[in-house]
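Inspection log for the structure reproduced underneath, given as structure tokens.
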2 protein chains.
Amino acid sequence: MTSSQPKSLPRPKKKKPKRRGRPHRSEGGVKARGRLLDAAERLFADRGFYGVTTRQVATMAGADDALIYYHFKNKWGLFNAVFERRARVLITARHDSLNAYVSSSGVKLSAHGAIAAFINPMIELSQNGDLGWKSYFALVAQIDNTPWGGEIIHRVFDTSVHELIEILQRALPGIPKRELYWAYNFLAGSMMLALSETERVDRLSDGLCRAKDLDEVRTRLVNYCAGGFLAMVTEERLAGRA
Amino acid sequence: MTSSQPKSLPRPKKKKPKRRGRPHRSEGGVKARGRLLDAAERLFADRGFYGVTTRQVATMAGADDALIYYHFKNKWGLFNAVFERRARVLITARHDSLNAYVSSSGVKLSAHGAIAAFINPMIELSQNGDLGWKSYFALVAQIDNTPWGGEIIHRVFDTSVHELIEILQRALPGIPKRELYWAYNFLAGSMMLALSETERVDRLSDGLCRAKDLDEVRTRLVNYCAGGFLAMVTEERLAGRA
DNA sequence: GTCTATAACTGGATAGAC
DNA sequence: GTCTATCCAGTTATAGAC
């Protein structure tokens, strides 16, 4: 719009030679593309999409800025790539865990068992997977509480959630599906806050609880959520009696 | 660092006269400061701190950019002012609600009642307060799931949460305090996701549930959370028996 | 208290050499 | 696939007129 300036000025001066060092071909066998994803994952988890610049990502990755645009087209492309990279692994792990639970328990399914089978793979990945998983969960938690995040969460995770809902419906046959969706939504809020390992609970409890102790979290979270689901069954039975 | 360029170029050209119109003295009786807070609240809720520019805030407020720096010192000052403005009201409403519950129910306190007294004021404000409350809750939900948000949430809300914990401890005398902190943390995750009115559950349930229907949310959320707390009591009793 | 103007710098993105 | 050099719109923030 305000393009009233001369297009081609005759280059004012010589620039300084910038950084001189070995070209970061591949570092520890990992290529620039992977390093960029790792760096972006960490930074996006810390400060969100808008709080991170492509230059910060490139710097942390020890790669050149321009490589982001070569590999991922633009900043959103990078973000989506980060988001989807681990989703496959997580969804597969969940699917296997739910299947194993169903076939092991035969006909007598419980809400507690189904919820444990759904949540445990995430805890497991956070505890025993590479460190990137912690950033990843923090990122998902952050995006999940965003008005614009619904789109990408829906696209990536909802089919996986429906597997849980199916099993819960068999475990709690009296309860309408919409009650299960509501309860799942509450579960999702608790689960993502717990997995993000925000140290809210540490400060609140003055150190009595430590958010990073996932062994403490696992049993409590599953118990709490199962109790929540069962409370909705009770409520449904009471309402149905009227 | 790269300040090797000439310091004072001789101003290239005349600038265009920008916007010409009535000076937005006060609009509907509200002064610029308040309009800036309202606009910032909405925009920060939509896109987070880094996703919003001071210019966007000023434009939406119909005020001048420079007023932000006059009234709030800088962008973070604006953010904190937004965050703290409604906190007083909310904390007072909660305090009154909890007190009313305790004095009305005499000695027989219940987890269900305490949780309802804690959550209801927020639902009430979201339904019957001015529209800014919806933005505000969406903003708090977003900040709560952020690594850097713990600081401000702690400063603003934790004393209020301790009031709830006190009552819960009287309602559930058998349960150690740290279990209450864990359970509250799960409650907080569900509550903030519900109040942010993200339409996650709408898509997941294909329209069966509507996040914006807070009448549906209120009873279910309270039931669910109360069920979760009671499940932790049960678990505690079982563990104590070993 | 509000507006104009501008300083000083950073943002995402691209062209083209190697 | 990777790096250099650059574009330029847009960023926070300030000085000073009104």
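Chain A is the first sequence line, chain B the second, and so forth, proteins listed ahead of strands; every chain is numbered from 1.
The side-chain contact (heavy atoms from CB on, under 4.5 Å) search around A39(B) returns V57(B), M60(B), A61(B), not counting sequence neighbours. Taking N99(B) as the reference, H95(B) meet the side-chain contact (heavy atoms from CB on, under 4.5 Å) condition, with sequence neighbours excluded. Among residues two or more places apart in sequence or in another chain, the ring-ring contact (aromatic ring centres under 6.0 Å, His included) test is passed with F186(B) by Y224(A). In this structure D215(A) satisfies the side-chain contact (heavy atoms from CB on, under 4.5 Å) test together with Q127(A), D213(A), R218(A), sequence neighbours excluded.
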Dump every N/O contact between nucleotides 15-18 of chain D and the protein below 3.5 Å, one line per pair.
none

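The side chain of L67(B) approaches dT2(C) more closely than any other nucleotide in the set dT2(C), dC3(D), dG12(C).
Below the 3.5 angstrom threshold, one finds a donor paired with an acceptor across the side chain of R55(A) and the base of dG11(C).
Residue T54(B) places at least one side-chain N or O closer than 4.0 Å to OP1 or OP2 of dT12(D).
Here dT10(C) presents its C1' atom at 10 Å from CD of Q56(A), a figure rounded to the nearest Å. When the C1' atom of dT10(C) is taken as reference, atom OH of Y50(B) falls 15 Å away, rounded to whole Å. Protein atom CG of D65(B) is 14 Å distant from nucleotide atom P of dT14(D), rounded to whole Å.
Counting non-hydrogen atoms under 4.0 angstrom, V52(A) reaches the backbone sugars and phosphates but no base.
Between D130(B) and R86(B) there is a salt bridge, with a side-chain nitrogen of the basic residue lying less than 4.0 Å from a carboxylate oxygen of the acidic one.
For the segment residues 68-82 of chain B, residues with any heavy atom less than 4.0 angstrom from an atom of DNA chain D are, sorted by number, Y69(B), N74(B), K75(B).
Around atom CZ of R210(B), no more than 12 heavy atoms belonging to other residues, nucleotides or ligands sit under 6.0 Å away.
When only modelled atom types and interatomic distance are considered, Y184(B) and S205(A) share no side-chain donor-acceptor pair under 3.5 Å.
By the 4.5 Å heavy-atom criterion applied to side chains, K75(A) and F49(A) are counted as neighbours.
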